[in-house]
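See structure below.
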Amino acid sequence: MQPHALNPHYQPERIERDAQAHWDKGAAFRAGTDPGKPKYYCLSMFPYPSGKLHMGHVRNYTIGDVVTRFHKMRGFDVLQPMGWDAFGLPAENAAMANGVPPAKWTYDNIAYMKKQLKSLGFAIDWERELATCTPEYYRWNQWLFLRMLEKGIAYQKTGTVNWDPVDQTVLANEQVIDGRGWRTGALVEKREIPMYYFGITKYAEELLSALDTLPGWPERVKTMQANWIGKSVGVNLGFPYTLDGRPGVLRVFTTRADTLMGVTFCAVAAEHPLATYAAKRNTALAAFVDECKRGAVMEAELATQEKKGMATGLYVNHPITGDKIEVWVGNYVLMSYGEGAVMGVPGHDERDFEFAKKYNLAIRQVIDVGGTAYSLDGWEPWYGEHGRCIDSGKYDGLDYQGAIDAVATDLGAKGLGEKQVTWRLRDWGISRQRYWGCPIPLIHCAACGTVPVPDDQLPVKLPEDLVPDGAGNPLNKHAAFLNCACPKCGKPAKRETDTMDTFVDSSWYYIRYANPGNDKAMVDASVKRWLPVDQYIGGIEHAILHLLYSRFWTKVMRDLGLVEFDEPFKNLLCQGMVLNEIFFRKEGQGKIRYFNPIDVDITTDEAGKRSGAVLRADGKPVESAGIGTMSKSKNNGVDPQSLVEEYGADTARFFMMFASPPEATLLWSDTGVDGSARFLKSLWAFAVDYDQTVREKLPAARTLAVAKLPATLAATRREIHLNLRQANYDLGRFQFNTVASACMKMLNALKAAPRDNLSLHAEVTEEGLSVLLRVLSPITPHICHQLWRDLGFGEDVLRATWPEPAEAALVQDEIELVLQVNGKLRGHVKAPATATRETIEALARAHEAVSRLAEGKPVKKVIVVPGKLVNVVV
RNA sequence: GCCGGAAUGGCGGAACUGGUAGACGCGCCGGACUCAAAAUCCGGUUCCAGCAAUGGAGUGUGGGUUCGAUUCCCUCUUCCGGCACCA
């Protein structure tokens with residue numbers, strides 16, 4: 001090719017426009033169909049189209065792009081798609097604020113954010129773009145929902161929601177602030193309403209055990225999932241009772257059946273039938289049960305509230321001794337876990353201990369741990385440990401497992417107990433009383449009941465022109481959607497107006513990327529080529545819910561015969577959150593308004609210490625809610641646009657990768673972005689100099705493979721190859737900040753290379769620059785694309801082969817070892833690279849620092865770490 | 001409250017399996033160039049003592065294992081993520 005003359009100035013805007021045009025023209029990122037190449041599916045979590053990209057997106061997608069480009073250059077056929085998680089609450093909030101339908105707001109945002117993504121030069125196959133709010137996508141949500149309904153995986157039962165009594169609407173947890181509705185300030189109530197559920201607990205065992213088949217997942221994520229699923233093996237046991245002359249059994253689940261003889265009370269949830277029964281006869285108890293039912297449904301709130309209880313006046317019988325045991329209502333007992341009732345063993349359960357202390361209930365020690373003396377004064381951690389039964393009648397002397405087995409056998413004989421596995425995981429409630437979501441494809445007929453929408457009537461399309469007003473789901477007032485004919489009897493009927501949880505949309509989008517345009521089927525043969533995902537990249541905040549739901553959905557599709565793999569994501573990289581400060585003002589009635597940090601000034605006192613923060617617009621103070629994830633709802637996102645406009649996409653990408661390793665949390669700050677810009681400018685300047693003064697010195701035939709380089713040039717070349725080796729290693733472990741740093745070191749080395757022998761210098765520089773441009777190209781593709789072409793290395797750096805370090809360039813004749821005396825650095829010793837342990841030890845013993853610091857004491861030991869150090873112990 | 005993670009100079013961070021703590025960069029200080037500024041280039045920069053050579057301290061806290069610990073074990077503190085209707 002004809003080399004161009006390089007423009008002496010680095011002009012990112014022009015370079016990036018040209019490179020992007022080149023990629024567009026050649027469809028460079030269209031996923032290939034070459035059967036001779038191994039496939040690689042690199043997926044980043046798709047964004048919610050909130051309006052603008054924020055730095056978390058830039059981080060996520062740059063990581064994905066580096067991985068994608070690296071694999072392309074390594075010879076893989078790579079698929080990197082992009083789409084939009086387009087249903088959700090923020091669109092309804094924006095609609096209420098601006099009077100614009102959620103659909104329009106969403107599609108406008110998508111258009112803008114797509115432009116932003118394109119300007120960053122990501123190697124995305126845009127032909128596969130999808131948005132979950134389109135009927136072409138969500139019809140398959142509906143289709144699979146119906147299949148799950150047929151299989152009994154989807155079913156209906158009641159569920160608890162937050163209810164705003166003023167707006168007469170269901171609130172999301174996020175919309176409940178300090179127990180009040182965010183718009184009305186009204187005290188939130190709990191309500192039981194009918195909902196649809198997915199039976200994810202049917203898959204609990206496999207979701208847990210299959211974690212072991214995922215070596216490419218971070219341990220911390222697997223641990224979190226395992227704890228979330230929460231398998232516990234225990235005993236389900238019954239406390240018989242007689243109520244109004246009729247016999248009954250209070251069922252509880254416990255993992256500590258060995259402490260059964262220490263039971264001094266039982267506690268049930270406020271929603272438990274016994275509580276309901278007792279409340280009817282006891283107004284004080286009824287009031288307490290009501291109090292328990294008020295408040296939000298969040299687990300975090302339940303777990304932090306003060307433990308309270310009240311006696312019901314009802315008694316059950318101890319299943320072994322027959323003793324009377326009083327039943328209490330406890331606000332800490334969850335109806336959704338186990339049987340909604342627990343046995344109280346204050347002697348050996350910390351929560352029960354505190355409860356018993358508070359309400360003066362008996363505390364009985366029935367477990368002995370190593371003979372330690374038990375005291376009722378306060379809880380000691382060992383009280384909860386496993387030990388041997390004491391004061392437990394026939395169970396005395398048994399250990400934990402022995403006692404559990406004996407209790408289970410005894411109670412089993414009476415029909416009052418059996419071993420049981422219980423899960424913390426609950427079934428997935430997918431009904432949302434919201435407009436902007438995928439309609440649940442059901443029809444309610446007065447005569448036929450709930451009837452599924454027939455497949456040939458799918459999709460049930462969501463009208464796109466409604467504007468919610470905050471008082472319930474607008475679909476309920478929209479006759480054209482609501483009224484329909486019953487598919488069974490043909491009489492007038494009503495459509496279900498609940499929509500699906502948006503986690504349903506995101507549970508399978510990665511499968512749809514394989515065949516996004518197929519309007520005949522959910523999946524086709526291309527799924528077999530591309531799935532499962534080879535590398536999934538996304539925020540750690542999705543470690544549990546999204547990833548668990550996706551794993552579940554995959555297994556459901558597998559059991560329906562739609563896919564052949566068991567797990568959707570072979571490898572997972574969880575990037576840390578990008579954080580920023582959160583500023584707000586309270587505006588009465590619990591309403592909170594958030595202000596973007598860019599509009600806030602920090603005030604300082606005389607000593608220069610931070611004293612507060614004010615809104616620039618009105619100079620009045622704002623409060624800080626601390627540091628948190630960049631998000632639309634907290635209005636603390638930073639738009640990358642200005643960064644890209646001022647410095648260019650390559651600088652933004654480089655800076656983002658250089659700032660920290662991907663898995664680390666990153667507190668946003670743009671200090672240091674100048675350094676990244678300076679590096680790229682300096683690379684350009686070096687390339688210009690190479691083009692103008694160095695290239696002409698290149699010999700007609702290259703000699704690098706055979707030439708004996710002078711020591712200084714050999715050091716330069718060694719530095720290049722050392723850094724290449726480091727970069728390749730770091731790319732493999734996704735530590736891109738040190739890859740960026742290795743590139744900087746390579747440039748520093750090339751700049752410092754001595755120019756004594758111009759021909760050899762030109763050769764070393766040519767090789768070094770070609771290595772540098774290739775290693776750097778996944779991070780800053782535009783500048784590398786341009787330089788690769790213009791310096792005559794080849795047509796397209798994306799199609800160049802990935803460089804590997806040359807062993808010959810790495811060898812050295814003499815190495816410097818660290819000399820330690822008693823583990824402290826005291827000097828250095830030079831030794832031939834081939835020196836034996838004995839030689840090194842002798843050199844160390846002879847060293848001046850050793851005789852000085854030994855002060856006549858004999859040398860006890862010499863430790864030699866080959867190639868690294870020698871430690872003399874005196 | 002429960003589950004998971006993190007903590008290293010003024011700042012972001014580096015240190016591959018326990019082996020030179022602070023790579024690379026930012027910032028700052030000094031210098032060169034310039035009428036001046038910007039840009040660029042050169043030098044310095046963990047803290048303490050010292051002119052220096054050098055010595056001492058040092059990776060959130062307190063302890064332990066080791067010839068040697070940022071790295072392994074235990075304790076505590078603070079911050080971040082998740083907690084099922086934010087996505």
Side-chain angles (χ1 to χ4, degrees), chain A residues 45 47-48 50 85 87-90 93 159 161-162 170-176 218-221 223-228 230 297-305 307 332 336 351 424-434 501-503 506 539-546 548-549 574 576-577 579 626-629 631-634 655 658-661 663-667 669 671-676 678-679 681-682 685 726 729-730 733 735 737-738 740-745 748 816-825 828 860-863 865 868-874:
Chain A
M45 290 182 185
Y48 178 78
S50 58
D85 189 12
F87 275 135
L89 195 55
N93 296 337
V161 293
N162 303 305
V170 175
L171 296 178
N173 285 338
E174 192 188 52
Q175 298 171 316
V176 179
E219 281 307 319
R220 57 171 166 162
V221 174
T223 307
M224 278 191 264
Q225 292 221 348
N227 290 338
W228 182 263
V297 297
M298 280 102 91
E299 192 195 289
E301 196 151 306
L302 292 171
T304 47
Q305 72 189 359
K307 309 278 175 289
Y332 62 94
S336 54
R351 202 173 47 185
R424 206 189 76 95
L425 181 68
R426 309 198 294 261
D427 276 348
W428 174 13
I430 60 141
S431 297
R432 297 291 179 270
Q433 298 68 43
R434 301 250 173 70
D501 180 4
T502 56
F503 274 123
S506 56
I540 184 69
E541 76 275 22
H542 292 295
I544 296 174
L545 292 179
H546 162 62
L548 192 65
Y549 291 148
C574 284
M577 303 281 77
L579 309 178
I627 308 288
T629 310
S631 77
K632 178 92 179 166
S633 61
K634 297 282 169 26
F655 175 61
F658 184 58
S660 79
E663 296 197 330
T665 302
L666 175 63
L667 179 55
S669 159
T671 47
V673 69
D674 282 326
S676 300
R678 214 170 283 159
F679 166 64
K681 242 189 264 182
S682 160
Q726 185 66 44
Y729 179 77
D730 289 339
R733 58 175 183 152
Q735 191 168 290
N737 56 329
T738 47
S741 142
C743 290
M744 287 173 146
K745 288 182 194 174
N748 290 345
E816 194 177 52
L817 295 160
V818 166
L819 174 71
Q820 292 184 342
V821 177
N822 289 341
K824 290 204 171 182
L825 175 68
H828 298 271
K860 282 191 206 147
K861 203 182 205 191
V862 178
I863 293 145
V865 181
K868 283 254 158 90
L869 63 71
V870 50
N871 184 14
V872 181
V873 185
V874 295

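Only this structure's heavy atoms are used, side chains among them; waters, hydrogens and symmetry mates stay out. Lettering follows sequence order; numbering is per chain, from 1.
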Name the nucleic acid region contacted by [X], choosing base, sugar-phosphate or nothing; use a 4.0 angstrom heavy-atom cut-off, strictly under.
| X | answer |
| --- | --- |
| A:Glu301 | nothing |
| A:Gln433 | base |
| A:Phe658 | base |
| A:Leu89 | sugar-phosphate |
| A:Tyr332 | nothing |
| A:Gly539 | nothing |
| A:His828 | base |
| A:Pro47 | nothing |
| A:Arg220 | sugar-phosphate |
| A:Arg434 | base |
| A:Asn737 | sugar-phosphate |
| A:Ala300 | base |
| A:Asn748 | sugar-phosphate |
| A:Ser633 | nothing |

Checking side chain to side chain contact (heavy atoms under 4.5 Å, CB included) for the pair A:Leu869/A:Leu817: CA distance, chi angles, key distance, verdict? CA-CA 5 Å; A:Leu869 63 71; A:Leu817 295 160; 5.7 Å; no
Could you check which nucleotide pairs with [N] in any of the strands shown, counting Watson-Crick or G-U wobble with both distances under 3.5 Å?
| N | value |
| --- | --- |
| B:C67 | B:G19 |
| B:U40 | B:A32 |
| B:U54 | B:A49 |
| B:C2 | B:G82 |
| B:G10 | B:C26 |

Could you work out the separation of [N] and [M] based on their [atom1] atoms and round it to a whole Å?
| N | M | atom1 | value |
| --- | --- | --- | --- |
| B:U46 | B:G9 | P | 13 Å |
| B:U75 | B:G63 | C1' | 7 Å |
| B:G68 | B:U59 | C1' | 16 Å |
| B:G12 | B:G62 | C1' | 29 Å |
| B:C11 | B:G22 | C1' | 13 Å |
| B:C73 | B:G56 | C1' | 29 Å |
| B:G18 | B:C67 | P | 16 Å |
| B:A38 | B:C33 | P | 15 Å |

Is there a donor-acceptor pair closer than 3.5 Å between any side-chain N or O of A:Arg424 and the backbone N or O of A:Trp228? yes
Do A:Asn871 side-chain atoms and A:Ile863 backbone N/O form a donor-acceptor pair below 3.5 Å?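 It does not hold such a pair.
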Assign the ring pair A:Tyr549 / A:Trp428 to parallel, tilted or perpendicular, where the plane angle (0 to 90°) is split at 30° and 60°. parallel
5′-ward residue of the pair A:Gln175/A:Ser682 relative to RNA chain B: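 The residue mapped nearer the 5' terminus is A:Ser682.
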Nearest-nucleotide comparison on RNA chain B, the residue closer to the 5′ end among A:Pro90 and A:Lys824: A:Lys824
Along RNA chain B, 5' to 3', what are the outermost nucleotides having an atom less than 4.0 Å from a heavy atom of chain A? B:G1 to B:A87
Do A:Thr629 and A:Glu541 have side-chain atoms, one donor and one acceptor, less than 3.5 Å apart?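 No, because no side-chain N or O of A:Thr629 sits under 3.5 Å from a partner of the opposite role on A:Glu541.
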Student check: side-chain heavy atoms of A:Met298 and A:Thr304 closer than 4.5 Å: no
Side chain to side chain contact (heavy atoms under 4.5 Å, CB included) between A:Ile540 and A:Arg220, intermediate numbers included: CA-CA 10 Å; A:Ile540 184 69; A:Arg220 57 171 166 162; 3.8 Å; yes
Check A:Val170 against A:Gln433 and note the closest heavy-atom contact, atom names and distance.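 Nearest pair, atom of A:Val170 first, then A:Gln433: CG1-OE1, 3.4 Å.
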Give me syn or anti for B:G9, where syn covers glycosidic angles within 90 degrees of 0. syn
Let's go through A:Asn173 and A:Glu299 carefully: what are the C-alpha distance in whole Å and the side-chain angles of both, what is the deciding distance for side chain to side chain contact (heavy atoms under 4.5 Å, CB included) to 0.1 Å, and is it a yes or a no? CA-CA 10 Å; A:Asn173 285 338; A:Glu299 192 195 289; over 6 Å; no
